[in-house]
Amino acid sequence: MPLKAPKILIIDDDPDFIEAVTPILKSALYDVASVLSPAEVKEKIFGEKPDLIILDIMMDSLFDGFSICHAVKTAPEYQAFHNVPILMISAVKEITGTGFPIKKDDPGMAGPDEYMDKPVKPAELLAKIEGMLKLVS
Amino acid sequence: MTHESPLILVIDDEEAMRDSCTQILLKDHFRVETAAEGTSGLRRAAELKPDLVIVDLKMPGISGFEVLEGLRKIDPQMVAVVITGYANVESAVEAMKKGAYDFLPKPFAPEELRIIIRRGLERRRLALEAESLRREKILLEENIITMVTHQLRSPLVAIQQYFEVILSGTVGALEEKQKEMISRARERLDRLLGLINDWLDLARINRGQLVKKFKPFDLKKSLEKLVEFMKPHARDFGVTVEILPFPAPVEVLGDEETLEQVFANLLSNAIQYNRPGGDVKVEIGDSPEAVAIAVRDTGVGIAKEHLPFVFDQFYRVSRSESKKAKGTGLGLSIAKKIVEAHGGTIEVESEPGKGSVFTVLVPKNSGQKPE
């Protein structure tokens, strides 16, 4: 563990999800920041410099999450954040089966590092985050 | 419309008319093609897909009216301008009734032709635009299932997320009774979410979409994995589950994920509606064209009068001795839809008190993509 607690940024347009998940993350002593509007994502990422991002797939439009993920992972302006692990979450995975282009399925888009269905089980969420942070440290 | 200049087809039996039209239009940088009578004119229209057609109403061979009808069949958005003798306004009106966009009485000045052509092309542009908007709307309607489901699921998932967090004890300790009630609320919500998923499956599974995902795979291997996966669940019910040995791989052409869903459903039913100490056996049978997979249980069975309906949506066999039904009542209809999308069949035989056998037949991989 680094000296400072790792910071996790939650990007989700559902304030209730943020409200519910924040105490889980805080209970594991993470620093938590959040943003509701896809439009403010960039500003927030630059301001908060998160160590990990939790990202919802469907916000204003069907595929907001994918565009954000792709941008953070590949766009030159996000260069400092290319290696920040992204955990994608969605309430609608079943809709497309595994048809959402998670990483290997679509070489054209940079996929998330991990994926979880909503609602998340607190213990599973923490285990997943711990594993993801270990990989980058 | 392409980025090329618009293509205009002139169908007229008079050579002088074809030539003068061609000259006027070429000067305006349109592309021009001509035909000397109706039948060849329609043929040219079908192969060239012009943006606008000029048709002489009075021609030897098939009449201008028939040409107009033919053009509509080729492309409903095709704009047709008819040329008529000066004194023949009635037939011009008749032509417009048949779908002509406008008419031009002979003789006409080059400028008159130009104006009519320009207006006609503008009309075509708008028609094509409307057409593409219509297509977008259809696409939106297809996505609507996804959107509506998102709207339905999101609030439930948010509630569920709160329950998860409260039950985890992260936000404070719960008393036993509170815990019990919230657990129950969570269970009910789980079922409601399951129902939405099932309903959605039913709405989105169609053969056309599924066939695109077809790949050859070894069904035996995937069944073995599934049986292994179901063992803990079976143990909870005091039931044993096994797959009987089969000597060779069973290659089928299909979508592994949805077929797995079919057998997961059959196995889960066979386990849930079994008796303690009962068993579930998966048997593979083979013929040159198809494989048969039988899921056999030793449960309560299904009475004869219920059998014809078990694949119907929301049909549930009411049974006095079994606990409350767990499913949504859609599982078997989804299974049936998936199997049929694979060109297969699903059948059930049952003897009350002894057990049921669900048999799925799927065509073997013949090496060619199905239609």
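In what follows, every heavy atom counts, from backbone to side chain, and hydrogens, waters and symmetry copies are set aside. Here is how names work: the chains are called A, B, and so on, in the same order as the sequence lines, proteins then strands, and each is numbered from 1. Everything numeric here is computed off the predicted structure, so don't read it as measured data.
- For A/Asp14, the part lying under 4.5 angstrom from a heavy atom of chain B is the side chain only.
- B/Glu187 has no carboxylate O lying under 4.0 Å from a charged side-chain N of B/Arg184, or vice versa, which leaves the two without a salt bridge.
- Taking 4.0 Å as the cut-off between side-chain N and carboxylate O, A/Glu124 and A/Lys128 do not count as a salt-bridged pair.
- A salt bridge does not link A/Lys4 to A/Asp51: none of the charged side-chain nitrogens sits closer than 4.0 Å to a carboxylate oxygen.
- Contact of B/Val171 with chain A is made through the side chain alone, with heavy-atom distances under 4.5 Å.
- Ring pair B/Phe237/B/His233: centre-to-centre distance below 6.0 Å.
- Looking at A/Pro122, the atoms closer than 4.5 Å to chain B (heavy atoms on both sides) all sit in the side chain, from C-beta outward.
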